[in-house]
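Working notes, structure below.
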Amino acid sequence: MGGMLAPLMVSLLALLLGHDEAELVFAGDAMMHQAQIDAARTTGGDYDFTGYFDAIRPYVTTADYAVVNLETPVSAMHRYSGYPCFNAPPAFVDALADAGFDLFLTANNHTLDRSDRGLRATLDCLDARGHDHIGTYRTAAGRDSVHPLVRTLGGIRVGFLNYTYGTNGITARDGAAVDYIDRGLIRSDVGRLREAGAEVIAACVHWGEEYKLLPAASQRSLGAFLRDSLGVELVIGSHPHVVQPMELSADSTRLTVYSLGNFISNMRTRDTRGGAMVRVRLERGDDGRVRIADARYRLVFTEPAGAGRNFRLVWPDASGDSRAADFARAARALFDKHNVGVPEHIAR
């Protein structure tokens, strides 16, 4: 009797869970260069990012959960500044949240640009607004208040991780903590997420070589470790400031995005003026298991401020800027040649 009951229970579970579905959006590096700060400054001394993300808001807000790499401290107690030591006004976080982003990644090479105080001020800003964040912590002991980070999206339990290769040689001096790439730590974190019920894990990794259009050997090695040794389903990369290829496994259980490039910035070379977002649809099958039902990218381009308007993020094909067309042409050529199983999202 027991041998007959087990398959029956599995079939019943599949019937109950078979319609679970969730869509996630991942975006690249949200940066704040000095020209962006200057353009957003109002006559009253505040900062206004109105219009920054109007074009892409419907794409982001229609996802169940959206993730962005916040590549700048956000500290009102420090001077706002761009490269090389970033610090953005809190209004930048408000604009990203208004665009639909739910999770802010804070482990990147600029997270300690304003030292421990800036790191903690960034977390204070995010917490005051009720936003999810992962990657940095006020103290090492405080890390446990965030980990494991699991969200139930459309009936699917998704866990999130964030690591960086380094912090530009700056180290925490007052006890703040950063999640650096450490295979032992990552293995432990993945185990904790599984114990907490995560069916899908998204590991967001700040890695690679800047301005290189193909992943470095170190990225491929760590990606294989995450996928093949630990079973991580979604590996999402940032840092190179240019897009790099995306690969979906043949069985639709593993997705690797080596670099999404810049989300918004004031970088000015052809390949750094834009980036990609990737939209992932997760679906529970009749066997009760979650798979990647679909993964598609969509290109974005930063139009600089001018003629009385602010910086803004646009779809390249909707821009009248010839540089947008150049960026899109090069990015599509790269993806057409190297992407595996991840086509472009064609707007209808």
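Both backbone and side-chain heavy atoms feed into the values below; hydrogens, waters and symmetry mates do not.
- Using modelled atom types, one finds no donor on one side chain facing an acceptor on the other under 3.5 Å when comparing Gln219 with Glu209.
- The aromatic rings of Phe311 and Tyr52 sit tilted, their planes meeting at an angle between 30° and 60°.
- When each of Ile236, Val232, Leu226 is checked for a side-chain contact (heavy atoms from CB on, under 4.5 Å) with Val205, only Leu226 meets the rule.
- The residues Asp54 and Arg312 are annotated as not salt-bridged, no charged nitrogen and carboxylate oxygen being separated by less than 4.0 angstrom.
- Classification of Arg323 and Asp326 as a salt-bridged pair fails, no side-chain N sitting under 4.0 Å from a carboxylate O.
- You'll find the side chain of Asn108 reaches within 4.5 Å of the side chain of Thr111, heavy atoms only.
- Between His110 and Phe86, the angle of the ring planes goes over 60°, which puts this pair in the perpendicular group of the 30/60° scheme.
- For Asn310 (side chain) and Asp48 (main-chain N/O), a donor-acceptor pair under 3.5 Å exists by modelled atom type.
- Side chain of Thr62 to main chain of Pro58: a donor-acceptor pair is present (N/O by atom type, distance under 3.5 Å, no hydrogens or angles).
- No hydrogens or angles considered: a donor-acceptor pair under 3.5 Å links the side chains of Thr167 and Tyr180.
- When only modelled atom types and interatomic distance are considered, Thr272 and Thr269 share a side-chain donor-acceptor pair under 3.5 Å.
- Using a 4.0 Å cut-off between charged side-chain N and carboxylate O, Asp294 and Arg296 make a salt bridge.
- Of the possible donor and acceptor atoms, none in the side chain of Ser115 sits under 3.5 Å from a partner among the backbone N and O of Arg117.
- The shortest side-chain heavy-atom distance between Phe335 and Val342 does not fall under the 4.5 Å cut-off.
- Remark: side-chain polar atoms of Thr122 are paired, donor with acceptor, to backbone N or O of Val74 under 3.5 angstrom.
- In summary, the aromatic rings of Phe53 and Phe263 are positioned with their centroids under 6.0 Å apart.
- Ring geometry for Tyr80 against Tyr47 counts as perpendicular: the plane angle is over 60°, on a 0 to 90° scale with 30° as the lower cut.
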Going through the distances and angles, do Tyr59 and His345 end up as a ring-ring contact (aromatic ring centres under 6.0 Å, His included)? CA-CA 11 Å; Tyr59 179 86; His345 171 99; 5.7 Å; yes
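- Of the possible polar contacts, one joining the Thr106 side chain to the Thr136 backbone as a donor-acceptor pair under 3.5 Å is found.
- In summary, the side chains of Ser81 and Gln34 do not present any donor paired with an acceptor at a separation below 3.5 Å, with no hydrogens or angles considered.
- At a threshold of 4.5 Å between non-hydrogen side-chain atoms, the residues Leu255 and Val235 do not count as touching.
- With a 4.5 Å cut-off on side-chain heavy atoms, Tyr258 and Met246 do not count as touching.
- Heavy-atom contacts from other residues, nucleotides or ligands closer than 6.0 Å to CZ of Arg129 number more than 12.
- Applying the side-chain hydrogen bond (donor to acceptor under 3.5 Å, both in side chains) rule to Thr164 yields no partners; only residues at least two apart in sequence or on another chain are considered.
- Contact check on Asp98 versus Arg57 returns a salt bridge, with a Lys/Arg side-chain nitrogen under 4.0 Å from an Asp/Glu carboxylate oxygen.
- Here His147 and Tyr137 bring their ring centres to under 6.0 angstrom of each other.
- Taking each heavy atom of Leu24 and Val158 in turn, the nearest pair found is CD2-CG1, 4.2 Å.
- A search for side-chain hydrogen bond (donor to acceptor under 3.5 Å, both in side chains) contacts involving Arg268 returns nothing, not counting sequence neighbours.
- Side-chain contact between Ser238 and Leu260: absent, with no pair of heavy atoms (C-beta onward) separated by less than 4.5 Å.
- Formation of a donor-acceptor pair under 3.5 Å by the Asn266 side chain with backbone atoms of Gln36 is not found in this model.
- A salt bridge links Asp174 and Arg120; the closest N-O separation between the charged side-chain nitrogens and carboxylate oxygens is under 4.0 Å.
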One pair to check against side-chain hydrogen bond (donor to acceptor under 3.5 Å, both in side chains): Asn162 and Asp179. What are the steps and the verdict? CA-CA 7 Å; Asn162 179 213; Asp179 279 343; over 6 Å; no
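- Under the rule for a side-chain hydrogen bond (donor to acceptor under 3.5 Å, both in side chains), the partners of Tyr163 that lie at least two apart in sequence or sit in another chain are Asp189.
- Just one residue in the list Arg291, Arg157, Arg284 forms a salt bridge (Lys or Arg N to Asp or Glu O under 4.0 Å) with Glu199, and that residue is Arg284.
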Trace of the ring-ring contact (aromatic ring centres under 6.0 Å, His included) decision for Phe160 with Tyr65: CA-CA 11 Å; Phe160 296 90; Tyr65 202 72; 5.1 Å; yes
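- No donor-acceptor pair closer than 3.5 Å links the side chain of Thr152 to the backbone N or O of Gly155.
- Seen from the ring of Tyr297, Arg279 does not count as a face-on cation partner, given the 6.0 Å and 45° thresholds.
- The heavy-atom pair separating Arg309 from Pro304 by the smallest distance is NH1-O, 2.8 Å.
- Formation of a donor-acceptor pair under 3.5 Å by the Asn168 side chain with backbone atoms of Ile170 is not found in this model.
- Under the 4.5 Å side-chain criterion, counting only non-hydrogen atoms from C-beta, Leu112 is not in contact with Thr171.
- Side chains of Asn262 and His241: a donor-acceptor N/O pair is present below 3.5 angstrom, by distance only.
- The pair Arg151-Asp64 does not count as a salt bridge, with every side-chain nitrogen at least 4.0 angstrom from each carboxylate oxygen.
- Within the 4.5 Å cutoff, the side chain of Asn87 has no heavy atoms near those of the Asp113 side chain.
- For the residue pair Asp116 and Arg173, the shortest heavy atom distance occurs at OD1-N, 2.8 Å.
- Across all non-hydrogen atoms, the minimal contact from Phe301 to Pro316 is CB-CG, 3.9 Å.
- Considering only heavy atoms from C-beta on, Leu222 comes within 4.5 Å of Arg183 through its side chain.
- In this structure, a donor-acceptor pair under 3.5 Å is present between the side chains of Asn109 and His206.
- Taking a cutoff of 4.0 Å between a charged side-chain nitrogen and a carboxylate oxygen, Glu283 and Arg281 qualify as a salt bridge.
- Judged by distance alone, the side chains of Thr253 and Asp251 do bring a donor and an acceptor atom under 3.5 Å apart.
- Shown here for Arg114 and Arg79, the closest heavy-atom pair between the two residues is NH2-O, 3.4 Å.
- What you find for Pro215 and Arg220 is that their closest heavy atoms are CG-NH2, 3.4 Å.
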Determine, step by step, whether Tyr83 and His33 satisfy the ring-ring contact (aromatic ring centres under 6.0 Å, His included) criterion, reporting the C-alpha distance in whole Å, the side-chain angles of both residues, the deciding distance to 0.1 Å, and the verdict. CA-CA 6 Å; Tyr83 182 84; His33 288 95; 7.1 Å; no
